J.: 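Handing you this structure, nothing more for now.
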2 protein chains.
Amino acid sequence: MPRSTRPGGRTARTKAVVFEAAAALVAEQGHEAIAMTDIAARAGVAATSLYRRWGDVRTLLMEVAVDRLNADSPMPNTGSLRSDLRTWARRIAAGLTAPGGSPFFRTLVATAPAPGPAATGGDMERITAFGPRLQQIAVMLDRAAARGEAAPPLMDVIDHLLAPLYMRALVGAPISAAFAHDLADRLLA
Amino acid sequence: MPRSTRPGGRTARTKAVVFEAAAALVAEQGHEAIAMTDIAARAGVAATSLYRRWGDVRTLLMEVAVDRLNADSPMPNTGSLRSDLRTWARRIAAGLTAPGGSPFFRTLVATAPAPGPAATGGDMERITAFGPRLQQIAVMLDRAAARGEAAPPLMDVIDHLLAPLYMRALVGAPISAAFAHDLADRLLA
DNA sequence: CTACAAACGCAAATAAATTTGCATTAAGGA
DNA sequence: TCCTTAATGCAAATTTATTTGCGTTTGTAG
């Protein structure tokens with residue numbers, strides 16, 4: 001299987017092997033016990049290079065987690081919001097239950113810098129990692145609104161679709177496709 | 001304000017100062033950059049003792065986080081499930097928005113060992129830290145059932161009350177009392 | 001093809017964390 | 001009160017992580 005996304009530069013190449021090594025370690029043993037040294041050894045690159053490029057393990061692991069979580073699949077566009085949300089929720093559920101799915105979300109949470117002080121004004125975009133995902137949801141909702149369907153606010157999708165799924169991933173509760181399906185329906189009820 | 005929960009033993013005394021020091025550090029700078037050394041210095045105890053008692057920083061921080069999150073307030077018992085859930089949700093919201101509230105949940109998530117492999121069977125009890133809380137909810141639901149009220153399953157409370165609240169805490173989204181209130185109502189709808 | 005600069009590897013130096021051995025203190029029971 | 005044991009402090013030893021200096025490789029522009 002040819003890797004399309006790996007243009008020339010040596011830089012990109014080493015980044016690829018480093019990310020692969022780090023991701024493998026995260027999937028295998030979780031983020032907690034991983035040292036910069038481990039990743040370097042597994043990737044076959046000098047630890048020095050990792051320190052120079054990413055500074056510390058947390059930064060590197062966070063980038064890896066973001067990278068994995070944002071591996072974006074095209075948004076469903078079935079013609080009805082309900083159907084769109086269903087398949088989208090199922091897709092997220094599948095991603096979380098996949099081998100090494102939830103470890104990356106756990107890693108992101110653990111490595112992401114603490115959110116700002118009060119958090120009085122903004123929405124979820126404080127964690128930039130979720131930016132792309134939120135954009136996708138917004139597109140889906142906008143399309144529905146354009147069709148004349150009643151679309152829930154973005155924050156509702158976060159609270160009642162994303163939150164239960166991710167929370168279950170965090171604590172290791174089962175995440176079935178049926179559950180994702182029900183969440184979508186419940187959101188539109 | 002006298003601290004009632006601090007019985008004699010030197011052991012308990014040092015544990016208290018260590019927990020206080022660790023909690024203060026977590027509240028101030030988050031869990032990510034805290035070393036065993038820092039806690040020892042702040043608590044005024046030898047780092048050696050901390051290593052001997054807790055082994056490593058993660059273990060200690062996790063215990064501290066659990067300790068804080070389980071500082072149990074008595075469950076509301078107003079006579080109606082709806083009212084109970086409302087006040088209970090608001091109480092959690094208040095705890096999360098309080099200074100240093102969400103950092104402890106973030107710490108727990110970051111330090112808790114990765115949940116078991118498949119997670120096919122069980123419920124949320126895999127993370128033992130939530131055990132007490134879940135017990136409390138179960139009591140509340142049982143009381144309602146005993147009164148003849150229709151009570152939602154425990155997992156629904158987790159998915160639709162706890163999840164949105166804690167998820168918002170994780171990402172730094174605003175958590176208002178009104179929001180908690182609405183979650184309770186929505187759960188019973 | 002050549003020259004340049006960024007990224008890299010390696011080894012040494014440094015700094016920090018963690019362990020270990022031993023003396024001391026304090027709690028609880030006889 | 002005295003004795004026993006667990007917990008602690010302290011300093012030294014050890015390991016591990018991180019930084020630094022320098023020469024080498026490798027893209028890329030000219």
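Being a predicted model, the structure only gives us computed values, none of them experimental. Residue numbering restarts at 1 for every chain, and letters A, B, ... go by the order of the sequence lines.
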J.: Salt bridge check: are B:Arg147 and B:Asp142 linked by an N-O gap of less than 4.0 Å?
T.: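 No, B:Arg147 and B:Asp142 are not salt-bridged.
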J.: Given D:dT18, C:dG9, C:dG21, which nucleotide is nearest the side-chain atoms of A:Met36?
T.: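 So the nucleotide nearest the side chain must be D:dT18.
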J.: I want to check one thing: is the phosphate of C:dT19, taken as OP1 and OP2, less than 4.0 Å away from some side-chain N or O of B:Tyr51?
T.: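 B:Tyr51 to C:dT19 OP1/OP2: no side-chain N or O under 4.0 Å.
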J.: Has A:Arg53 got a side-chain N or O lying under 4.0 Å from the OP1 or OP2 atom of C:dC8?
T.: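 Result: yes.
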J.: Could you state the CG-P distance from B:Asp38 to C:dA16, rounded to the nearest angstrom?
T.: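 Atom-to-atom, B:Asp38 to C:dA16, this comes out as 11 Å.
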J.: Looking at every strand, decide which applies to A:Ala35 at a 4.0 Å heavy-atom threshold: base, sugar-phosphate, or nothing.
T.: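 The residue A:Ala35 makes sugar-phosphate contact but no base contact.
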J.: A:Ser49 side chain N/O closer than 4.0 Å to the phosphate oxygens (OP1, OP2) of C:dG9?
T.: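 It does, given that an N or O in the side chain of A:Ser49 lies less than 4.0 Å from OP1 or OP2 of C:dG9.
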J.: Decide yes or no, distance alone: a donor-acceptor N/O pair under 3.5 angstrom between the base of D:dT25 and the side-chain of A:Arg10.
T.: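 Counting by modelled atom types and ignoring angles, a donor-acceptor contact under 3.5 Å is found here.
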J.: Is A:Arg68 salt-bridged to A:Glu63, cutoff N-O under 4.0 Å?
T.: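 Looking at A:Arg68 and A:Glu63, the cut-off is not met.
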J.: Looking across every strand, which nucleic acid part, if any, lies under 4.0 Å from A:Arg52 by heavy atom: base, sugar-phosphate, or nothing?
T.: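 Since a base atom lies under 4.0 Å of A:Arg52, the category is base.
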J.: For the side chain of A:Thr48, starting at C-beta, report the closest nucleotide among D:dT20, D:dG9, D:dT8.
T.: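 The answer is D:dT20.
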J.: Below 4.0 angstrom from OP1 or OP2 of D:dA17, is there any side-chain N or O of A:Thr37?
T.: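 Indeed, a polar side-chain atom of A:Thr37 lies that close.
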J.: Please give, in whole Å, the distance from D:dA17 P to A:Ile39 CD1?
T.: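 Whole-Å distance recorded here is 12 Å.
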J.: Would you kindly give the NZ-to-P distance between A:Lys15 and C:dC8, to the nearest whole Å?
T.: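 Nearest whole value for this atom pair: 12 Å.
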J.: In whole Å, I'd like the distance from the CZ atom of A:Arg13 to the C1' atom of C:dA6.
T.: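 Distance check: A:Arg13 CZ to C:dA6 C1' gives 14 Å.
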J.: If you measure from the Lys or Arg side-chain nitrogens to the Asp or Glu carboxylate oxygens, is any gap between A:Arg86 and A:Asp182 under 4.0 Å?
T.: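 Judged by the 4.0 Å cut-off on N to carboxylate O distance, A:Arg86 and A:Asp182 do not form a salt bridge.
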J.: Give, for atom CZ of B:Arg106 and atom CG of B:Leu96, the distance between the pair rounded to the nearest 0.5 Å.
T.: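 The CG atom of B:Leu96 is 12.0 Å from CZ of B:Arg106, to the nearest 0.5 Å.
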J.: Roughly, in whole Å, what's the span from CH2 in B:Trp54 to C1' in D:dT8?
T.: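 Between C1' of D:dT8 and CH2 of B:Trp54: 12 Å.
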J.: Looking only at atom types and distance, does a side-chain atom of B:Thr87 sit under 3.5 Å from a main-chain N or O of B:Asp84, one as donor and one as acceptor?
T.: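 A pair under 3.5 Å: yes.
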